[in-house]
Amino acid sequence: MSTISEEPRSGTNAIADGSGSGSETGKRWSPVLRKIGFVFPHVYVLGMCGVLFGGFFMQFGQAEYPCPLCMLERVGMMLSALGPMWILLRARRFGRIGVADLATGYGFAVVASILSSFISARHVLLHVNDTGYGGMVLHLHTYTWAWITFMLAAIASGLMLAFQKYLTPGEVRFGRASRATLWIFGIFLVANLVSSFVQEGLHPLYPGNPFSYELLHLFG
């Protein structure tokens, strides 16, 4: 009888000690998940920069002047990227990323993305009964892509929040790729400020239907 009673006890102890097969599988995946938790903020920031680059290409390569709502959408993307940027800056300063860092960064990204999506939705609704403003990419206008971008950003940030227990990197190495990500975001931030100033010039209000760069006209 003692032998029979000992068998389930040992099995229970194995589960309690975390020495079962499920625990071993979790331990094997843990470094991969932590790596994903550190890599994803870079992907997020660079992804937003990629979308902004597409906007600059439409502006300077296709000679399409961004309207006020277009500029607000760009600002929304940069605000959304500030959440993951916060995570990277914490990694730079302390050499680690904790649960609180992920919660703050991705929480801010969710709020910024959702609020910015209303700007894009407003932009889409303005052109329901006409051909739309500006060119198209894959049969969709850029403001429609902006709305899609904000929705994907909110979903991705929400998933990172939901699984932050498993994705928290802990100790990290802030290397050249991380520094490059910060610099690239900074370049796009400054470029957007300069572009806005050149297009608006010294006028107090941004032109509703822009067709030129006001600052160049002022000194031209």
TODO: Would you mind reporting whether Val51 and Trp145 have side-chain heavy atoms less than 4.5 Å apart?
DONE: no

TODO: Give, for atom CD1 of Ile87 and atom OG of Ser178, the distance between the pair rounded to the nearest 0.5 Å.
DONE: 12.0 Å

- [ ] Give, for atom SG of Cys70 and atom NE2 of His141, the distance between the pair rounded to the nearest 0.5 Å.
- [x] 11.0 Å

Open item on the list: Checking the side chain of Asp101 only, and the main-chain atoms of Gly98 only, is there a donor and an acceptor separated by less than 3.5 Å?
Closed with: yes

Open item on the list: For a 4.5 angstrom cut-off between non-hydrogen side-chain atoms, does Ile119 reach Tyr143?
Closed with: no

Task: Minimum heavy-atom distance Gln59-Ser195, with the two atoms named - done: NE2-OG, 3.0 Å

Open item on the list: Taking the cut-offs as 6.0 angstrom to the six-membered ring centre and 45 degrees off its axis, would you call Arg74 and Phe56 a cation-pi pair?
Closed with: yes

Task: Test item: Met71 and Asn192 side chains (from C-beta on) under 4.5 Å apart, heavy atoms - done: yes

Open item on the list: Can you tell me how far apart CZ (Arg179) and CZ (Phe174) are? Round to the nearest 0.5 Å.
Closed with: 6.5 Å

Task: From CZ (Arg34) to CG (Leu167), nearest 0.5 Å - done: 11.0 Å

Open item on the list: Counting C-beta onward and ignoring hydrogens, is there a side-chain heavy-atom pair between Pro41 and Tyr106 closer than 4.5 Å?
Closed with: yes

- [ ] To the nearest 0.5 angstrom, please state how far the CD1 atom of Ile36 sits from the CZ atom of Phe163.
- [x] 12.0 Å

Task: Side-chain heavy atoms of Glu171 within contact of Arg96, under 4.5 Å - done: yes

Open item on the list: Using 0.5 Å steps for rounding, measure from the CG atom of Leu152 to the OG atom of Ser117.
Closed with: 11.5 Å

Open item on the list: Which heavy atom of Ile97 sits nearest to which heavy atom of Phe38, and what is that distance?
Closed with: CD1-CD1, 3.6 Å

TODO: Check whether any side-chain heavy atom of Leu102 sits under 4.5 Å from a side-chain heavy atom of Leu161, and report yes or no.
DONE: no

Open item on the list: More than 12 heavy atoms of other residues, nucleotides or ligands under 6.0 Å from CZ of Phe94: yes or no?
Closed with: yes

Task: Heavy-atom side-chain proximity of Ser113 to Val110 below 4.5 angstrom - done: no

Task: Least distance between heavy atoms, Phe185 atom then Met85 atom - done: CD2-CE, 3.7 Å

Task: Side-chain H-bond candidate by donor/acceptor type, Ser116 with Glu73, under 3.5 Å - done: no

